[in-house]
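Throughout, numbering of the chain's residues begins at 1 and tracks the sequence. None of the values given here were measured: they were computed from a predicted structure.
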Amino acid sequence: MRKIVIALSVLMALTSCVSKKKYAELEAKNKETQDLLNSCTVKLNTCLEEKAGLAATAESYKQHNQDLINSSKDLTILTTKGAENLEKSLESLKEKDLKISRLQDALTKKDSVTLALVTSLKGAVGINDPDIEINVEKGVVFISIADKLLFKSGSYDVSDKAKTVLAKVAKVVNDKPDFECMVEGHTDDVPYKSNGIILDNWDLSVKRSTSIVRVLTNDLGVNPAKLIAAGRSSYVPLVANDSAENKARNRRTRIVVMPKIDQFYDMIEKEMKKQAK
């Protein structure tokens, strides 16, 4: 019995010793596993944080990408509108260039006609007479005739010598059906002594103008619809009225030969419409 008890004691002691060793091993293994678990947990948390950051970054990139797509669409729309506006602007510039070109052509044509008119007048009237001046200002032809060729001093009766000069002017005017003439009477600044019929230089300048118009229409066959009678008195002098010679220069009748303005613009408009087709 005692041997049995001793044997059991020895066995229990051996068993107890093995269990502690195993326990220690298991304990060490458990600690190792726990450390590994803790390390994995830390790494997991780090990965989760990185994942959250990457997800936020991805969402930001996604939104940025969408913004770029929207901007691209807007830019496409703007580019399309810009192209349309540019095309319209170019068309408008072309139209303006065309209008300018046609206007220049019309002006050139008008200048050519004016030059031909001046040549005709100088050929018919003569350019060597100091009392007759023919010049062009801003596309308008002016024929200035000294009063001593047309009237006696203080009179508005046209002289026979004047009719010879006016006949040459009338011939050229009649050859230009698209032109009209304004006859302007001019005086010096010496006050006119009223005779009951003519009150002052205004009356005298207008009377001389209408006298010339009557000769052109009644005697020389100029169409009355082409003529305009005007008096300027002494208010548009060529030179200062400070000498007898200058006063004589300022006493004159000026015939302004010009294209009919409405026909001139009609010509331009027709040219523009023709080019627009």
Original post:
Do Leu227 and Val222 come close enough that some side-chain heavy atom pair is under 4.5 Å?
Top reply: yes

**OP:** Look only at the side chain of Asn246 and the backbone of Val239, and say whether a donor-acceptor pair between them is shorter than 3.5 Å.
**Re:** no

Original post:
Hey, are the side chains of Val165 and Ile132 touching, using non-hydrogen atoms and a 4.5 Å cut-off?
Top reply: yes

Original post:
Within the side chain of Asn174, is there an N or O that forms a donor-acceptor pair under 3.5 Å with the backbone of Ala170?
Top reply: yes

**OP:** Report yes if some heavy atom in the side chain of Ile255 is under 4.5 Å from a heavy atom in the side chain of Leu166; otherwise report no.
**Re:** yes

**OP:** Could you tell me whether a side-chain N or O of Lys148 sits under 3.5 Å from a main-chain N or O of Arg252, the two making a donor and an acceptor?
**Re:** no

Subject >> Nearest-0.5 Å distance that lies between atom CG in Asp219 and atom CZ in Arg214 >> reply: 11.5 Å

Original post:
Taking the side chain from Ser233 and the backbone from Tyr235, do they hold a donor-acceptor pair closer than 3.5 Å?
Top reply: no

**OP:** Examine distances only and state if a side-chain atom of Asn241 and a backbone atom of Asp188 form a donor-acceptor pair shorter than 3.5 Å.
**Re:** no

Subject >> Residues Ile197, Tyr156; criterion side chain to side chain contact (heavy atoms under 4.5 Å, CB included); working and verdict >> reply: CA-CA 11 Å; Ile197 299 175; Tyr156 56 87; 4.2 Å; yes

Original post:
Given the rule in the salt bridge (charged side-chain N to carboxylate O under 4.0 Å, His left out) test, do Glu184 and Arg254 qualify, once you have shown the distances and angles that lead to the verdict?
Top reply: CA-CA 5 Å; Glu184 291 181 348; Arg254 189 171 76 161; 3.0 Å; yes

Original post:
If Ile, Leu, Val, Met, Phe, Trp and Tyr residues are connected whenever their side-chain heavy atoms lie under 4.5 Å apart, and connections chain through other members, are Ile228 and Phe142 in the same group?
Top reply: yes

Subject >> Hydrophobic cluster membership, Tyr192 vs Trp202, 4.5 Å side-chain cutoff >> reply: no

Original post:
When you look at Val158 and Phe151, which way does the side chain to side chain contact (heavy atoms under 4.5 Å, CB included) test go after all the steps?
Top reply: CA-CA 5 Å; Val158 181; Phe151 310 101; 3.7 Å; yes

Original post:
When rounded to the nearest 0.5 angstrom, what distance separates CZ in Arg232 from OG1 in Thr187?
Top reply: 11.5 Å

**OP:** Taking the side chain as every heavy atom from C-beta outward, state whether Lys161 and Leu149 have any pair of such atoms under 4.5 Å apart.
**Re:** yes

Subject >> Interatomic distance, Thr253 atom OG1 to Leu150 atom CG [nearest 0.5 angstrom] >> reply: 5.0 Å

Original post:
Where do Val257 and Cys181 come nearest, in terms of heavy atoms and distance?
Top reply: CG2-SG, 4.0 Å

**OP:** Could you tell me whether Lys247 and Asp242 have a side-chain N and a carboxylate O separated by less than 4.0 Å?
**Re:** no

Original post:
CG of Asp189 to CZ of Arg251: how many Å apart, nearest 0.5 Å?
Top reply: 10.0 Å

Original post:
Under 3.5 Å, is there a donor-acceptor pair between the side chain of Ser209 and the main chain of Ala230?
Top reply: yes

Subject >> Test item: His186 and Asp147 side chains (from C-beta on) under 4.5 Å apart, heavy atoms >> reply: no

**OP:** Mind listing the closest non-hydrogen atom pair of Ser155 and Asp157 along with its distance?
**Re:** OG-N, 3.0 Å

Subject >> Heavy-atom side-chain proximity of Ile212 to Leu216 below 4.5 angstrom >> reply: yes

Original post:
Minimum heavy-atom separation for Ser205 to Gly185, with atom names?
Top reply: CB-O, 3.3 Å

Original post:
Distance-only, no hydrogens or angles: does the Asn201 side chain make a donor-acceptor pair with backbone N or O of Leu204 under 3.5 Å?
Top reply: no

